[in-house]
Structures are given as C-alpha cells and as structure tokens.
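Inspection log for the structure reproduced underneath, given as structure tokens.
Read the numbers this way: they start at 1 and go in the same order the structure lists the ligands and their atoms. Being a predicted model, the structure only gives us computed values, none of them experimental.
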Amino acid sequence: MAKQDRSVLIVGASRGLGLGLARAFLARGWDVTATTRGEAPALAALSPVAPALARVDIDDDVSVARLHADLAGARFDVVFVVAGIADGAHVPLPQGDRATALKVYETNAVSPIRFAETFADRVAPGGLMVLMSSVLGSVSLNESGGWESYRASKAALNTLARSFSIRHGDAPFGTVLMHPGWVRTDMGGPEADIDVATSADGMVAVVEGQLGRRGCAYLDYRGETVAW
Ligand SMILES: NC(=O)c1ccc[n+]([C@@H]2O[C@H](COP(=O)([O-])OP(=O)(O)OC[C@H]3O[C@@H](n4cnc5c(N)ncnc54)[C@H](OP(=O)(O)O)[C@@H]3O)[C@@H](O)[C@H]2O)c1
C-alpha cells in the first residue's frame with residue numbers, strides 16, 4: 001500500500017492529541033478525516049494539506065449514526081478514537097459525585113466501544129481500530145493510586161476492547177489500545193513529560209507498523225507493549 005493511499009478517521013481532533021495526530025498523519029502523506037464536536041479553528045488551519053472535517057459527539061448515538069451514514073462510501077485503513085475526558089480525576093472515587101464518575105466511564109469506555117462497533121464496517125481489510133487508552137488503564141501497573149475514576153474508565157476500555165477484538169475475531173482488521181505517553185495538553189497539563197508532536201509522531205509510526213496485524217495489542221507511543 002503506497003503511503004498516500006492510506007486513510008485515517010480521527011475522532012476527537014479539535015485540540016490536544018487528536019489535533020496533533022491529524023497534523024502528524026497529514027505530514028506522513030495520509031488522507032485524513034477528522035471529527036470535532038464544535039468549531040475547531042486550529043484543525044481547519046492545518047496546512048499545506050487540510051483534513052476533511054466532520055462532526056460527532058461520541059456520547060450521542062444519533063450523532064454517531066449520522067456520521068456513519070455520511071461516511072457510507074468511505075473505508076479507512078485506520079479508525080482512531082481519541083476523544084476522552086478526565087473530569088474529577090483528582091478526587092478519590094468515594095469523595096466524588098456519582099454522576100461525574102459515570103460520565104467518565106461513559107465517554108472513555110462505553111462510547112469508544114459503541115463507536116468502534118458502529119464503524120467496524122468502515123475499516124479496510126488489513127486496517128486497524130485504534131482506541132486511545134492510557135497506561136493508567138493498566139491494573140497491574142497501578143502502584144501509586146490516584147486518578148481513580150479515570151483509571152477505572154481506561155481499564156474498562158481495555159477490557160471492552162479485548163471483547164470487541166474477540167467478537168470481531170473473523171474480521172480482517174486488528175485492534176490497538178494506545179498509550180500516548182504523559183503529554184502536555186489541556187488534560188495532561190504543563191508538567192507532563194513530552195510534547196504533542198513527540199507523542200503523535202510516535203503513535204503514527206506505531207500505527208503504520210501495526211497495519212496488517214490482527215488481535216488486540218496494548219502499546220505505547222514508542223511501540224512498547226504495556227502490561228495489562
Ligand atoms: N494527555 C495525556 O497525557 C494523556 C495520557 C494518556 C491518555 N490520554 C488520552 O488521550 C486522549 C486525548 O487526550 P488529550 O490530552 O488530547 O485531551 P484534551 O486536550 O482534553 O482533548 C480531549 C479531546 O476529546 C474531545 N472529546 C471529549 N469528549 C468528547 C465527546 N463526547 N465526543 C467527541 N469528542 C470528545 C475533545 O473535544 P472538545 O474540544 O469538543 O471538548 C477534545 O478534542 C484522551 O482519550 C485521553 O484520555 C491523554
């Protein structure tokens with residue numbers, strides 16, 4: 001497959017890692033379709049090649065169904081669900097309110113998997129369904145605590161992604177759970193380890209290396225396997 005023949009749908013690209021991924025995929029010659037919930041001037045201003053733009057809120061099934069219909073003729077080598085939230089991340093679960101914890105579970109675990117299920121028929125043979133996880137979703141690596149609802153939501157995403165991969169075991173695509181590193185975004189904060197470009201460039205290289213593979217991998221932006 002020639003590089004310029006590759007296409008990616010990036011879900012949640014208004015800012016942060018999604019925006020960085022759009023820039024990085026475009027720079028490597030991919031055809032990019034990028035979604036936002038609202039206006040996204042930074043995404044629209046990407047040059048010299050602009051992404052195709054679309055709208056979706058992954059928590060809204062009607063919105064997801066509309067996007068699926070709008071992209072009826074499209075097939076993507078990669079569908080990359082980036083969208084996520086970290087509301088109430090610094091509040092221990094017992095002290096936080098139920099609604100916030102449930103919203104984090106909905107947006108970070110339920111909605112990405114429902115999106116993946118809807119768009120499984122849009123992944124080209126040899127392609128990948130990529131879901132943005134986190135090392136914080138690793139149960140075995142949780143030796144410091146903190147970020148309780150967020151951790152739980154990403155651990156749930158990991159478990160649901162494995163079930164998604166098993167459910168689609170006969171399908172001609174693989175599933176990747178991605179840890180982007182600790183990255184300086186609105187969510188990651190200014191003290192994070194790496195910048196968006198370092199993370200995004202790494203993730204694009206990892207994705208390119210995984211094309212054609214099946215099963216469910218849990219990888220970081222350097223291509224290293226993360227422990228479950
Ligand atoms: N930054 C890190 O260090 C880090 C580390 C590990 C994992 N991650 C994961 O990486 C992903 C991106 O994080 P980030 O750091 O780039 O965060 P961010 O700067 O806060 O950006 C979050 C993105 O998700 C979108 N989004 C949120 N809820 C959505 C929904 N219901 N439907 C559609 N889009 C929605 C936002 O859109 P709006 O602009 O409309 O709000 C925004 O584009 C998340 O899944 C996060 O958990 C980040």
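- If you number the atoms of ligand 1 from 1 as listed, the ones under 4.0 Å from a heavy atom of Asp57 come out as 30 (C), 31 (N), 32 (N).
- Listed by number with element, the atoms of ligand 1 under 4.0 Å from a non-hydrogen atom of Gly16 are 16 (O), 19 (O).
- Between Arg151 and Glu148 there is no salt bridge, since no side-chain N of the basic residue sits under 4.0 Å from a carboxylate O of the acidic one.
- Residue Val56 places a heavy atom under 4.0 Å from ligand 1.
- Minimum interatomic distance between Val207 and Leu128 (heavy atoms only, all atoms of both residues): O-CD1, 3.6 Å.
- Val206 and Val196 fall within the same hydrophobic cluster, where Ile, Leu, Val, Met, Phe, Trp and Tyr residues are linked whenever their side-chain heavy atoms come under 4.5 Å apart, directly or through other members.
- Looking at Arg15 and Asp186, a side-chain N of the basic residue comes within less than 4.0 Å of a carboxylate O on the acidic one, giving a salt bridge.
- The nearest protein atom to atom 40 (O) of ligand 1, hydrogens excluded, is given as Arg37 NE, 3.0 Å; this is a heavy-atom distance.
- Residues Ser153 and Ala109 share a closest heavy-atom pair of O-CB, 3.5 Å.
- Taking both residues in full, the closest heavy atoms of Leu211 and Gly127 are given as CD2-CA, 4.2 Å, listed atom of the first, atom of the second, then distance.
- Around atom 20 (O) of ligand 1, the closest heavy atom drawn from Glu39, Arg15, Arg184 belongs to Arg15.
- For the pair Ala22 and Leu46, the tightest heavy-atom approach, listed with the atom from each and the gap, is CB-CD1, 3.9 Å.
- Nearest heavy atom pair, residue Thr107 against residue Gly84, reads CG2-CA, 4.3 Å.
- Here is the list of ligand 1 atoms found below 4.0 Å of a heavy atom in Gly12: 43 (O).
- When only interatomic distances are considered, the shortest N/O to N/O separation between Leu17 and ligand 1 falls below 3.5 Å.
- Leu9 and Leu19 sit in two unconnected hydrophobic clusters of ILVMFWY residues. Membership requires side-chain heavy atoms under 4.5 Å apart, directly or through other members.
- In terms of protein heavy-atom proximity, atom 17 (O) of ligand 1 is closest to Met187 CB, 3.5 Å.
- Checked by atom type, the side-chain pair Glu117/His168 shows a donor-acceptor distance below 3.5 Å.
- Scanning Pro180, Ser111, Gly188 for the heavy atom closest to atom 4 (C) of ligand 1 points to Pro180.
- Using cut-offs of 30° and 60° for the angle between ring planes, the His68 and Phe119 rings count as perpendicular.
- Atoms of ligand 1 lying under 4.0 Å from at least one heavy atom of Asp59, given by number and element, are 31 (N).
- Near Trp182, with a cut-off below 4.0 Å to any heavy atom, the atoms of ligand 1 are 3 (O).
- Atoms of ligand 1 found under 4.0 Å from any heavy atom of Ile58 (numbered from 1 in listed order, with element): 30 (C), 31 (N), 32 (N), 33 (C).
- The two residues Leu71 and Arg122 come nearest to each other via the heavy atoms O-NE, 3.0 Å.
- Summarising the contacts of atom 26 (N) of ligand 1 with Ser14, Ala83, Ala192, Ala13, the nearest heavy atom is found in Ala83.
- Under a 4.0 angstrom heavy-atom cut-off, Ser133 registers as being in contact with ligand 1.
- Of all atoms in ligand 1, listed by their number and element, those nearer than 4.0 Å to a heavy atom of Ile85 are 27 (C), 28 (N).
- The protein heavy-atom contact nearest to atom 3 (O) of ligand 1 is Val183 N, 2.7 Å.
- Proximity of Leu131 to Ser133: side-chain heavy atoms (C-beta onward) are nowhere separated by under 4.5 Å.
- Remark: minimum distance from atom 15 (O) of ligand 1 to any protein heavy atom is reached at Thr185 OG1, 2.5 Å.
- Closest to atom 5 (C) of ligand 1 among all protein heavy atoms lies Gly181 O, 3.2 Å.
- Looking at Leu43, Val82, Val196 and measuring to atom 44 (C) of ligand 1, the nearest heavy atom belongs to Val82.
- Polar contact check, Tyr150 against ligand 1: a nitrogen or oxygen pair lies under 3.5 Å apart.
- Set against the non-hydrogen atoms of Ser134, the atoms of ligand 1 under 4.0 Å away are 6 (C), 7 (C).
- Under a 4.0 Å heavy-atom criterion, Lys154 is in contact with ligand 1.
- Side-chain atoms of Ser63 and Asp57 include no donor-acceptor pair closer than 3.5 Å.
- Tested against Ser134 for a side chain to side chain contact (heavy atoms under 4.5 Å, CB included), the candidates Met187, Met178, His179 yield a single pass: His179.
- Taking only nitrogen or oxygen atoms, main chain and side chain alike, His179 does not reach within less than 3.5 Å of ligand 1.
- For the residues Gly18, Ala42, Gly84, the heavy atom positioned nearest atom 23 (C) of ligand 1 is part of Gly84.
- With respect to atom 9 (C) of ligand 1, the closest heavy atom belonging to the protein is Met132 CG, 3.6 Å.
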